[in-house]
Enquirer: 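My questions will all concern the structure given below.
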Amino acid sequence: MNITKTKSENSLIVALDGRLDTMTAPELEKALADEINGVAELTFDLSALAYLSSAGLRVLLSAQKKMNKQGSMKIINVNETIMEIFEVTGFSDILSIE
């Protein structure tokens with residue numbers, strides 16, 4: 001999985017490319033831990049994400065909980081496959097998906 005981070009003043013855009021699964025979730029978790037402090041707006045761009053496992057969902061939920069305390073989080077460019085995962089798991093009701 002490739003993680004591309006674009007940070008400006010108080011916003012962070014994280015673009016994910018590949019598979020967010022048990023093997024790559026810790027990598028994303030570490031990348032977020034280094035960057036998320038002081039961010040008021042966190043955006044995940046999932047346009048190139050091919051697969052999402054429960055480990056990936058856990059990282060997204062953890063980021064959402066942190067952002068609830070310091071700002072907002074949204075997920076953009078979700079493809080049909082990933083959207084189906086969000087809907088089946090109920091995450092579409094928890095996360096802000098555009």
Side-chain angles (χ1 to χ4, degrees):
M1 179 179 69
N2 290 321
I3 302 170
T4 306
K5 298 178 284 190
T6 308
K7 193 169 187 178
S8 61
E9 292 183 31
N10 62 349
S11 70
L12 174 64
I13 299 171
V14 180
L16 303 178
D17 182 357
R19 296 172 56 91
L20 180 51
D21 56 22
T22 308
M23 300 301 291
T24 58
E27 180 185 346
L28 176 60
E29 207 164 27
K30 184 181 181 315
L32 288 175
D34 295 342
E35 299 279 345
I36 202 170
N37 290 332
V39 169
E41 187 177 311
L42 175 62
T43 303
F44 284 97
D45 183 345
L46 304 187
S47 57
L49 192 66
Y51 177 78
L52 178 63
S53 76
S54 59
L57 288 170
R58 183 184 54 76
V59 175
L60 293 175
L61 183 60
S62 175
Q64 177 69 63
K65 286 181 178 177
K66 178 143 177 108
M67 290 309 298
N68 284 344
K69 296 175 185 168
Q70 67 186 49
S72 64
M73 180 180 120
K74 65 182 174 183
I75 299 175
I76 60 171
N77 301 325
V78 179
N79 66 42
E80 202 174 298
T81 303
I82 303 301
M83 191 62 193
E84 189 174 325
I85 293 168
F86 284 144
E87 288 171 352
V88 167
T89 59
F91 273 64
S92 58
D93 298 330
I94 300 168
L95 302 173
S96 175
I97 302 170
E98 296 180 4

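Treat the numbers as computed from the prediction; the structure is a model and nothing was measured.
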Enquirer: Does the Gln70 side chain pair with the main chain of Val39, one donor and one acceptor, at a distance under 3.5 Å?
Expert: yes
Enquirer: May I ask whether Leu60 and Met83 are part of the same hydrophobic cluster, defined by side-chain heavy atoms of I, L, V, M, F, W, Y residues being less than 4.5 angstrom apart, directly or through others?
Expert: yes
Enquirer: CG/Asn2 to CG/Leu49 distance, rounded to the nearest 0.5 angstrom?
Expert: 11.5 Å
Enquirer: Would you find a donor on one side and an acceptor on the other, under 3.5 Å apart, between the side chain of Ser47 and the backbone of Asn77?
Expert: no
Enquirer: Taking atom OG of Ser53 and atom CG of Leu20, what is their separation to the nearest 0.5 Å?
Expert: 6.0 Å
Enquirer: Are Leu52 and Leu61 connected, step by step, through hydrophobic side chains (Ile, Leu, Val, Met, Phe, Trp, Tyr) whose heavy atoms are closer than 4.5 Å?
Expert: yes
Enquirer: Under 4.5 Å between side-chain heavy atoms, hopping through other hydrophobics if needed: is there a path connecting Ile36 to Ile94?
Expert: yes
Enquirer: Would you call Leu32 and Phe44 a side-chain contact if the rule is heavy atoms closer than 4.5 Å?
Expert: yes
Enquirer: Output, in order, the C-alpha distance, side-chain angles, deciding distance and verdict of side chain to side chain contact (heavy atoms under 4.5 Å, CB included) for Ile75 and Phe86.
Expert: CA-CA 11 Å; Ile75 299 175; Phe86 284 144; 4.1 Å; yes
Enquirer: Other residues, nucleotides and ligands only: do more than 12 of their heavy atoms fall within 6.0 Å of CD on Glu87?
Expert: yes
Enquirer: Closest heavy-atom contact between Ala25 and Gly56?
Expert: CB-N, 4.2 Å
Enquirer: Keeping the roles fixed (side chain from Lys74, backbone from Glu98), state whether a donor-acceptor pair exists under 3.5 Å.
Expert: no
Enquirer: Between atom CG of Asn37 and atom NZ of Lys66, what is the distance when rounded to the nearest 0.5 Å?
Expert: 4.5 Å
Enquirer: When rounded to the nearest 0.5 angstrom, what distance separates CD in Gln64 from CG in Leu42?
Expert: 8.5 Å
Enquirer: Decide yes or no on side chain to side chain contact (heavy atoms under 4.5 Å, CB included) for Leu28 and Val14, but give the supporting numbers first.
Expert: CA-CA 9 Å; Leu28 176 60; Val14 180; 4.1 Å; yes
Enquirer: Flag the pair Ile85 / Leu57 as yes when at least one side-chain heavy-atom distance between them is below 4.5 Å, and no otherwise.
Expert: yes
Enquirer: Decide if atom NZ of Lys30 counts as having more than 12 heavy atoms of other residues, nucleotides or ligands within a radius under 6.0 Å.
Expert: no
Enquirer: Roughly how far, to the nearest 0.5 Å, is OG of Ser96 from CE of Met73?
Expert: 8.5 Å
Enquirer: Does atom NZ (Lys65) have a neighbourhood of more than 12 heavy atoms from anything else shown, all under 6.0 Å?
Expert: no
Enquirer: What's the spacing between Met1 CE and Asp17 CG if we round to 0.5 Å?
Expert: 9.5 Å
